Amino acid sequence: MKRTSKMFIKVGLISIAVGILVTVVGIASGAKSRVYFDYDGIHISDGYDDESVVVREMHDMDTINRIYIDVEFGNIQIIEGNSFGYEINSSDTYLSTSFTNGTLEIINKEKMSMRVFNFDFSWIHNLTSARDNRYTYIVYIPVGHTVEIIDVNAAMGDITIDSITASKVDLDANLGDIDVYKSNITDLNIDVDLGTTNINNTIAGTTNVAVNLGDIKAYGTFNAATSFKVDLGDIKFETSLPRNHYNLKSDIDLGSIKINDEKNNGGYDNNSSGVLLDIQINVGDGKLYFNK
């Protein structure tokens with residue numbers, strides 16, 4: 001091998017090592033830091049500090065009938081509380097909150113910056129920080145109150161609905177899990193790009209859940225038309241209702257489906273019930289359990 005070729009290989013290996021080191025330092029330092037390299041070595045420049053994370057809270061509010069939350073990253077919870085209110089742990093720079101005529105709106109479209117040699121690696125930090133509870137948005141609803149609309153969008157982060165009664169709920173997560181516990185929802189719509197959807201001990205009317213990559217686990221009473229769709233992942237559905245409560249439509253491209261632990265070929269099972277249960281999986285398995 002010529003000396004020139006060996007030199008290029010060595011330079012390439014050194015460059016890869018430096019790139020890995022810079023990336024690791026950047027991830028470890030968090031989004032508040034900017035990593036750069038010059039004649040003097042690798043540097044970390046603070047773009048954000050801990051003081052930028054503030055707590056906003058309001059309790060004993062007037063009745064909350066509509067909730068709109070749209071954040072770039074952070075974990076969102078709408079849970080039972082003693083009174084109407086909210087608590088936010090977030091950067092103050094891009095945070096906007098308003099409460100008018102029973103409508104609570106929380107918006108934070110902040111995008112963290114983490115650059116290495118002018119390349120943006122912010123998505124790496126967002127991927128990790130969305131789950132470290134650094135940013136949280138919590139809304140409290142007293143027991144017995146029915147919220148008209150809950151509309152939540154999180155680019156990166158988890159969404160939790162716990163012990164809530166609502167007429168219409170729309171939840172959208174690009175990267176994160178969605179959990180719905182012990183709730184009563186007339187119209188439930190969930191859309192996840194990458195993450196797991198877990199519905200547990202919940203009474204729901206019309207239900208539509210779509211996941212690109214991840215699993216759906218649903219346990220509860222689903223009284224009206226229900227649709228679960230997964231591109232890559234598994235579906236586990238369990239209800240206290242009998243099988244003849246539904247007209248069952250199941251379509252599995254690559255995988256298998258079992259009903260009460262018995263293998264099923266899928267297709268359309270018409271029980272003349274008027275309530276459609278639609279199960280669609282491109283790649284994955286389905287397990288359905290009905291009350292016998």
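What's counted below: heavy atoms across the whole structure, side chains too, no hydrogens, waters or symmetry copies. Worth saying up front: this structure is predicted, and the values here are computed from it rather than measured.
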**OP:** Any chance you could measure I257, atom CD1, to I279, atom CD1, to the nearest 0.5 Å?
**Re:** 6.5 Å

Subject >> Results of side chain to side chain donor-acceptor pair (under 3.5 Å) for N198 - residues two or more places apart only >> reply: none

Original post:
Between I69 and M61, is there a shared hydrophobic cluster once you connect ILVMFWY residues whose side-chain heavy atoms come closer than 4.5 Å?
Top reply: yes

**OP:** Applying side-chain contact (heavy atoms from CB on, under 4.5 Å), run through T146 and S167 and close with a yes or a no.
**Re:** CA-CA 7 Å; T146 300; S167 298; 3.8 Å; yes

Original post:
How about S183 and T202: does a side-chain donor come under 3.5 Å of a side-chain acceptor?
Top reply: no

Original post:
When hydrophobic residues are tied together by side-chain contacts of less than 4.5 Å, even through go-betweens, does I259 share a cluster with L276?
Top reply: no

Subject >> Donor-acceptor pair, side chain of N247 and main chain of S272, under 3.5 angstrom >> reply: yes

Original post:
Have T103 and Y68 got a donor and an acceptor in their side chains that come within less than 3.5 Å?
Top reply: no

**OP:** Taking all non-hydrogen atoms of both residues into account, name the closest pair between G85 and I64 and its distance.
**Re:** N-CD1, 4.2 Å

Original post:
From I190 CD1 over to I161 CD1, what is the distance, rounded to the nearest 0.5 angstrom?
Top reply: 8.5 Å

**OP:** Indicate yes or no for a side-chain donor-acceptor contact from N153 to the backbone of D70 under 3.5 Å, with no hydrogens or angles considered.
**Re:** no

Original post:
What residues, two or more places apart in sequence or in another chain, satisfy ring pair (Phe, Tyr, Trp, His ring centres under 6.0 Å) together with Y140?
Top reply: none

Original post:
Is D215 reaching over with its side chain to a backbone N or O of D234, donor-acceptor style, under 3.5 angstrom?
Top reply: yes

Subject >> N/O donor-acceptor pair under 3.5 Å between S273 side chain and H245 backbone >> reply: yes

**OP:** Find out if a path of hydrophobic residues (ILVMFWY) with successive side-chain heavy-atom gaps under 4.5 Å connects Y219 to Y246.
**Re:** no

**OP:** Please answer: with hydrophobic residues joined when any side-chain heavy atoms are less than 4.5 Å apart, are V275 and L248 in the same cluster?
**Re:** yes

Subject >> Rounded distance (nearest 0.5 Å) linking atom OG1 of T63 with atom CG of N101 >> reply: 12.0 Å

Subject >> Closest non-hydrogen atom pair between I216 and K229, with its separation >> reply: CD1-O, 3.8 Å

Original post:
Rounded to the nearest 0.5 Å, what separation is found between the CG atom of D269 and the CZ atom of R243?
Top reply: 4.5 Å

Subject >> N75 side chain vs D158 backbone, donor-acceptor pair below 3.5 Å >> reply: yes

Subject >> N-O pairing of D170 and K168 below 4.0 Å >> reply: yes

Original post:
Going by heavy atoms in the side chains, are V152 and I178 under 4.5 Å from each other?
Top reply: no

**OP:** Mind checking the OG-CD1 spacing from S98 to I107? Nearest 0.5 Å is all I need.
**Re:** 7.0 Å

Subject >> Atom pair CD1 (I79) and CD1 (I138), whose distance is rounded to the nearest 0.5 Å >> reply: 5.5 Å

Original post:
Checking T239 side chain against T221 main chain: does a donor-acceptor pair fall under 3.5 Å?
Top reply: no

**OP:** Might you confirm whether atom OH of Y289 has over 12 heavy atoms from other residues, nucleotides or ligands at distances under 6.0 Å?
**Re:** yes

**OP:** Scan side-chain atoms only and decide if D285 and S256 contain a donor-acceptor pair under the 3.5 Å cut-off.
**Re:** yes

**OP:** For the pair T226 (side chain) and A224 (backbone), establish whether a donor and an acceptor sit closer than 3.5 Å, ignoring hydrogens and angles.
**Re:** yes

Subject >> With H59 via ring pair (Phe, Tyr, Trp, His ring centres under 6.0 Å) - residues at least two apart >> reply: none

Subject >> Close side-chain approach of F84 and D62, heavy atoms under 4.5 Å >> reply: no

Subject >> Flag for Y135-N108: side-chain donor and acceptor within less than 3.5 Å >> reply: no

Original post:
Do Q280 and D278 have side-chain atoms, one donor and one acceptor, less than 3.5 Å apart?
Top reply: yes

Original post:
When you measure from the side chain of N65 to the backbone N and O of E148, does any donor-acceptor pair fall under 3.5 Å?
Top reply: no

Subject >> Same apolar cluster: F237 and V283, side chain cutoff 4.5 Å >> reply: yes

**OP:** Check the side chains of S83 and D60 for a donor-acceptor pair under 3.5 angstrom, ignoring hydrogens and angles.
**Re:** yes

Original post:
Of all heavy-atom pairs between I150 and A166, which one has the smallest distance, and what is that distance?
Top reply: CD1-CB, 4.1 Å

Subject >> Side-chain donor or acceptor of N223 paired with backbone N/O of I203 under 3.5 Å >> reply: no

**OP:** Anything under 30° is parallel, anything over 60° is perpendicular, the rest tilted; go ahead and classify F228 against F222.
**Re:** perpendicular

Original post:
Side chains of L277 and F290: does their closest heavy-atom pair fall under 4.5 Å?
Top reply: yes

Original post:
Any idea which heavy atoms bring I159 and D172 closest together, and the distance?
Top reply: CD1-O, 3.7 Å

Original post:
Looking at side-chain heavy atoms only, is the closest gap between H145 and T165 below 4.5 Å?
Top reply: no

